[in-house]
J.: 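Below is a structure I'd like to ask you about.
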2 protein chains.
Amino acid sequence: MTPAAVLTEERILDAAEDVLRRFGPAKATVVDVAKALGVSHGSVYRHFPTKVALRDAVARRWLDRLAGPLDPARDTEGPAAERLLRWLERLAAIKQGMALSDPELFATFSQLTAEAREVVDAHVARLAAQLTEIIADGVGTGEFAVEDPSTAGLAVLHATARFHHPLHAAEWADPAIGSELREVWRLLAQGLAARP
Amino acid sequence: MTPAAVLTEERILDAAEDVLRRFGPAKATVVDVAKALGVSHGSVYRHFPTKVALRDAVARRWLDRLAGPLDPARDTEGPAAERLLRWLERLAAIKQGMALSDPELFATFSQLTAEAREVVDAHVARLAAQLTEIIADGVGTGEFAVEDPSTAGLAVLHATARFHHPLHAAEWADPAIGSELREVWRLLAQGLAARP
DNA sequence: CAGCTGACAGATTTCAAACTTTGTCAGCTG
DNA sequence: CAGCTGACAAAGTTTGAAATCTGTCAGCTG
């Protein structure tokens with residue numbers, strides 16, 4: 001349909017994302033993506049070896065966009081425990097907001113990520129590293145006293161799975177979800193805090 | 001097939017459980033259950049108003065059997081933090097063991113519980129109450145210092161969802177899962193502990 | 001007459017044939 | 001001659017007609 005510039009991975013991903021949004025993960029085909037770009041589906045296969053690789057690349061882009069704004073370097077104000085809470089609430093707000101405001105898109109996103117194990121592992125590692133950074137800062141100021149901030153970072157991510165993992169999306173309808181996150185955070189933050 | 005004593009709810013549930021185990025949740029029908037009992041399917045409807053009610057009753061029985069052995073009154077030895085760890089590891093072992101040793105049955109169990117929201121809510125409340133009991137005991141001995149043991153009990157259950165919620169079964173294949181639970185427990189137990 | 005049966009309507013599921021999609025590659029085209 | 005096309009085989013999905021299932025109830029039976 002589009003008159004066509006050079007066929008880049010970038011342009012294919014834009015089209016694939018759009019097709020996925022519009023048709024959903026079950027009905028979106030490589031032929032649809034090619035049609036949206038005004039090329040034959042064989043051309044798409046010159047850039048991505050399989051449909052799965054294409055989907056993984058779309059998932060990777062989505063997850064990267066999601067993790068970018070969470071970077072702890074963007075919010076260094078106040079005690080580490082508060083930064084930790086803000087980070088957790090921001091992550092939860094991103095996921096829960098998407099689930100609430102556009103359930104179809106969220107379902108597409110969830111399914112893509114559920115199938116892209118390796119991509120998700122990298123994303124989880126990135127999030128854990130962000131938490132590790134906040135915790136390490138807290139150790140630096142004496143607020144926290146953990147031996148290994150990176151183990152603790154991963155543990156905090158695991159302990160809050162209920163509030164950000166798409167598998168739990170059905171539970172986010174409960175209005176208590178926000179205060180439940182705070183209760184878990186309270187225990188974790190106290191657990192991280194220095195023994196005097 | 002069975003010559004038939006009185007047709008009780010108990011016997012119907014036994015048969016339904018057996019049929020579900022053998023055929024799986026997708027293929028098990030009320031007619032199959034009736035056939036296993038040697039009665040017409042109409043008779044089953046005299047005891048359970050709908051198929052959903054029958055499935056819910058099976059799910060309730062499974063969950064009750066699961067929660068029984070966890071009762072904190074059965075394990076009152078040692079510090080509360082250790083009791084908490086044992087309780088969490090026992091719960092995880094029950095679920096993870098079932099998922100590993102009989103994946104088909106576990107899938108059946110997961111699907112039934114996923115559909116039986118109310119039954120699961122009651123089960124969650126029961127587990128949270130068991131955790132509350134352990135925490136309240138810890139507060140009694142001065143080991144723990146939380147204002148509201150029942151809020152804390154629920155928070156501990158939520159924080160460990162990754163290790164016992166069937167949604168996360170795919171992640172249990174990772175051999176690190178055991179040490180990850182301990183790391184989360186460590187933070188939670190320290191978080192519960194008295195500020196001096 | 002309490003409890004079960006079996007025929008029934010409407011909803012749901014199955015199954016196989018028709019169609020669509022994936023992934024490849026020989027050859028066209030600018 | 002780099003990059004695209006389109007025909008193709010194998011795999012997977014749709015479709016709709018037939019079969020099965022759910023839930024009800026009038027009437028049978030011990």
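Computed from heavy atoms alone, side chains included, the values below leave out hydrogens, waters and symmetry copies.
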J.: Quick one: are A:L131 and A:L84 in side-chain contact, heavy atoms under 4.5 Å?
T.: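 Contact flag for A:L131/A:L84 side chains = yes.
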J.: Check if the side chain of B:H41 and the base of D:dG23 share a donor-acceptor pair of N or O atoms closer than 3.5 Å.
T.: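 By the distance-only test, yes, there is a pair.
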J.: Ignoring the backbone of B:H47, work out which of D:dC4, C:dG23, C:dC4 is nearest its side chain.
T.: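 So the nucleotide nearest the side chain must be C:dC4.
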J.: I'd like to check A:L66 versus A:H123 (side-chain heavy atoms, cut-off strictly below 4.5 Å). Are they in contact?
T.: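 A:L66 vs A:H123: side chains touch.
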J.: Rounded to the nearest angstrom, tell me the gap between atom OH in B:Y45 and atom P in D:dG23.
T.: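 Spelled out: OH on B:Y45 to P on D:dG23 is 4 Å.
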J.: Heavy atoms under 4.0 Å, any strand shown: does B:T29 hit a base, just sugar-phosphate, or nothing?
T.: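 Touches sugar-phosphate only.
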J.: Under the criterion side chain to side chain contact (heavy atoms under 4.5 Å, CB included), I'd like the reasoning laid out for B:T108 against B:W62: C-alpha separation, chi angles, the key distance, then a yes or no.
T.: CA-CA 11 Å; B:T108 297; B:W62 277 351; 4.1 Å; yes
J.: Between B:A28 and A:A26, which is nearer to the 5' end of DNA chain D once each is assigned its nearest nucleotide?
T.: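 That would be A:A26.
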J.: Whole angstrom is fine here: how far is it from CG in B:L7 over to P in D:dT29?
T.: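 To the nearest whole Å, that distance equals 19 Å.
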J.: Mind calculating the distance between CG (B:L37) and P (C:dG3) to the nearest angstrom?
T.: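 It works out to 17 Å between those atoms.
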J.: Quick one: are B:T113 and B:V119 in side-chain contact, heavy atoms under 4.5 Å?
T.: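 They are not in side-chain contact.
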J.: Starting from P on D:dT22, measure out to NZ on B:K51 and report it in whole angstrom.
T.: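 Roughly 4 Å, once rounded to whole Å.
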J.: What is the separation between atom NZ on A:K35 and atom C1' on D:dT5, rounded to the nearest whole Å?
T.: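 Between C1' of D:dT5 and NZ of A:K35: 16 Å.
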J.: Applying the side-chain hydrogen bond (donor to acceptor under 3.5 Å, both in side chains) criterion to B:H168, which one of B:H165, B:H164, B:E171 satisfies it?
T.: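 Result for side-chain hydrogen bond (donor to acceptor under 3.5 Å, both in side chains) with B:H168: B:E171.
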J.: At under 4.0 Å, does any side-chain N or O of B:T50 touch on OP1 or OP2 of D:dT22?
T.: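 So the side chain of B:T50 is outside the cut-off, no N or O lying under 4.0 Å from OP1 or OP2 of D:dT22.
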J.: Do B:L181 and B:L167 sit in one hydrophobic cluster, given that two such residues count as connected whenever their side-chain heavy atoms are within less than 4.5 Å of each other, even indirectly?
T.: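 Result: no, two separate clusters.
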J.: Tell me whether B:R65 at atom CZ has more than 12 heavy atoms from other residues, nucleotides or ligands lying less than 6.0 Å away.
T.: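 Buried by this count: over 12 neighbours within 6.0 Å.
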J.: For DNA chain C, what are the stems built from at least three Watson-Crick or G-U pairs in a row, each pair having both distances below 3.5 Å?
T.: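 DNA chain C stems, ordered by first number: C:1-30 with D:1-30.
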J.: Grab the CZ-C1' distance between A:F23 and D:dT13 for me, whole Å please.
T.: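 About 16 Å, once rounded to whole Å.
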J.: Give one of base, sugar-phosphate or nothing for A:S40, where a contact means two heavy atoms less than 4.0 Å apart.
T.: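 Contact class for A:S40: base.
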J.: Given C:dC4, D:dT22, D:dC4, identify the nucleotide with an atom nearest to the side chain of A:R46.
T.: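 Of the candidates, D:dC4 comes closest.
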J.: Below 4.0 angstrom from OP1 or OP2 of C:dT5, is there any side-chain N or O of B:S43?
T.: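 So the side chain of B:S43 is within the cut-off, an N or O lying under 4.0 Å from OP1 or OP2 of C:dT5.
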J.: Could you pick out which residue, A:K27 or A:G42, lies toward the 5' side of DNA chain C when each is mapped onto its nearest nucleotide?
T.: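 Counting from the 5' end, the first nearest nucleotide belongs to A:K27.
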